[in-house]
Amino acid sequence: ITKPTMTILSIDVLPNKGANAEVYLINTSGEKIRSYLKGTLKTGKTDFAIDTRTLPAGLYYIVSLIEGRQYAEKITVTSK
């Protein structure tokens, strides 16, 4: 699923229990653009606001590593 955005994108991370986690943004070349979390998540929902206003238009992936499992969601940043 691709989520188009021009401004701020909100994502939720919802571990079943407290977990070691990392959340970051990469471009289509796999280069890490921004990091949002590297540490321990509490049990329950954690929200992240991703400001895309300073990113060039294009495809990106939000990557979540939670207890060694990787999840990714594609986003499209549209021109301003």
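No hydrogens, no waters, no symmetry mates; every other heavy atom, side chains included, goes into these values.
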- Task: Could you list all the salt bridge (charged side-chain N to carboxylate O under 4.0 Å, His left out) pairs where at least one residue sits in residues 18-33, not counting sequence neighbours?
- Result: E22-K32
- Task: Heavy atoms only: give me the nearest A57-T78 pair and the separation to one decimal.
- Result: CB-C, 4.1 Å
- Note on the structure: Tightest non-hydrogen contact, residues Y36 and Y24, listed as CD1-CA, 4.0 Å
- Item | Contacts of type side-chain contact (heavy atoms from CB on, under 4.5 Å), residue T28, not counting sequence neighbours | L59, Y61
- For the hydrophobic clusters of this structure (ILVMFWY residues joined by side-chain heavy atoms under 4.5 Å, transitively), does one cluster hold both I75 and L37? yes
- Message: Nearest 0.5 angstrom please: E73 CD to S64 OG, how far?
- Response: 9.0 Å
- Group every Ile, Leu, Val, Met, Phe, Trp and Tyr by side-chain heavy-atom contacts under 4.5 Å, then state whether L55 and I62 land in the same group. yes
- Query: Could you state the interatomic distance from OG1 (T52) to CD1 (I33), rounded to the nearest 0.5 Å?
  - Reply: 13.0 Å
- Say whether, by atom type as modelled, one donor and one acceptor occur between the side chain of R34 and the main chain of D51 under 3.5 angstrom. yes
- Item | Steps toward side chain to side chain contact (heavy atoms under 4.5 Å, CB included) verdict (V77, Y60) | CA-CA 8 Å; V77 175; Y60 297 88; 3.6 Å; yes
